[in-house]
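Start at 1 and go down the list; that is how both ligands and their atoms are numbered. Just so we're clear, the structure is a prediction, and the values are computed from it rather than from any experiment.
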Amino acid sequence: MADNEAFTYNGGKVEPGETQDIRYGISETYLGDPVRIPVTIINGERPGPTVFLSAAAHGDELNGIEVVREVAYEWDLADLAGTLVCMPVMNVPAFLAQQRYLPIYDRDLNRSFPGSETSTGAKRMAHRIYQNFIAPCDLGIDFHTSTRGRTNMLHVRADMSDPAVARLANAFGSHVIIDSSGSSGMLRTESSASGTPAITVEMGEAHRFQRELIDEALAGVESVFAEYGLRGTSTVNWPGWRTVISDENEKTWLRADAGGIVDMHHDRGALVHEGDRICTITNPFKDDNVTVVAPFTGLLVGVLENPVVYPGNPLCHLVELKDKVRRVVEREQSGTPEPTL
Ligand SMILES: [Zn+2]
C-alpha cells in the first residue's frame, strides 16, 4: 500500500508516522506577544482521510476540549490510516477570559470563518486557523456546548441536504440530528460549503467537564473513524433510535412570559407530552406561580440551567418527535427493553 503523504501548513510539515504538538500564532496581544493556539497533528503511516477535531470556538464551552485531548493523547493511534488535526482550544483569548466571545469587541469567532487576512481581528484569527488547519481536511467535527446558563442533550447539527455532510452526521451515531444549514461565518457551514464536510456536536453546558457526555462524544468520534476507515478496529455505531429534526418538525424555544425563579421539572433529553408541566416560574413568596406546559409532545433537547428569568428568556428547546420514534423513546425512558428501531 502507498505511504501516507506529509501534512503541510504555513511554517511546517508533519511526515507520515509523525506527531507534532504545535503552538501556532494567530494574532498578537497589546504587548505585542503572540497569541498562539495549541494544535496537535497526528499523521498516520497509512493513507486515509485528513480529519479535524476542534473545540472551544466559544471560549467557555469546555466539554469538547476533553474530547479532542483524549482522542489526541489517550487513544492508541499507532495504526491510524489518515491524519488527525486536533485543535482543543481554538479561541484562546476567549478561553483565557472564560467567556463565549473574543474579549475585544465581543466578536464571535464562530461567525468569522473562513476569515480574511485584512479584516477584523476575529476574521484574521479565523483566516489563520482556517487556511492552515481546516481547508486541508477532508472532514471535521466542531464541538460546542449550550450557551452559559443552559444545557442540552448531546446532538449533532448538520446540513442534511448535503450528502457528504449527512454521511458524517449519521456516522456520529447521536440520537438527535438537527438539520440546518447554519449561519454565515460558522465553521461547519463555511467548511462544508468549501468541500470539507463538517458537523457541530452540541453537548451539555459551558464551564464544565461532564463525563457522561464526553464519553458519548468519544463513542461518536470512534464511530466516525470507523465509517471513514481511520481505525480498523472499531465499528459504526447505531444509537438505537434516531430523529432528524428538520423544518417539517415542530420545534420551539419556549420563553418565559413572567420574570421569576424557575423550578424545572425535567432534565435535558426528557420526553414530555402535550399538556405536561415543563416548569414553574415562581416569585420569592412562592405564590402566584406560573406553570409552563408543553404545547406539543416532544423531546427537551435543551433546558435552562441557571434558574432565573426575565420575560422573554428561553426556558427550554422542545422538538417534536414522529410517532414511531416517540414510541421507542417512551419505552426507553420507562425502562422497558424493546427491539431497536
Ligand atoms: Zn458554541
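- Contacts classified as salt bridge (charged side-chain N to carboxylate O under 4.0 Å, His left out) and involving residues 61-81 (residues at least two apart or in different chains) are given here: Arg46-Asp79, Glu61-Arg100, Glu66-Arg69, Glu70-Arg211.
- Annotation: protein N, O or S atoms under 2.8 Å of the Zn ion (ligand 1) (waters excluded) comprise His58 ND1, Glu61 OE1, Glu61 OE2, His144 ND1.
- Relative to the six-membered ring of Trp253, Arg150 meets both conditions, a distance below 6.0 Å and an angle of at most 45° to the axis.
- Cation-pi contact between Arg167 and Tyr228: present, with separation from the ring centre below 6.0 Å and deviation from the ring axis of at most 45°.
- How far OG1 of Thr243 is from NZ of Lys324: 11.5 Å, rounded to the nearest 0.5 Å.
- Listed by chain and residue number, Trp75 satisfy the ring-ring contact (aromatic ring centres under 6.0 Å, His included) test with Phe225 (two or more places apart in sequence, or in another chain).
- Applying the side-chain contact (heavy atoms from CB on, under 4.5 Å) rule to Ser116 yields the partners Thr118, Ser119, Lys123; only residues at least two apart in sequence or on another chain are considered.
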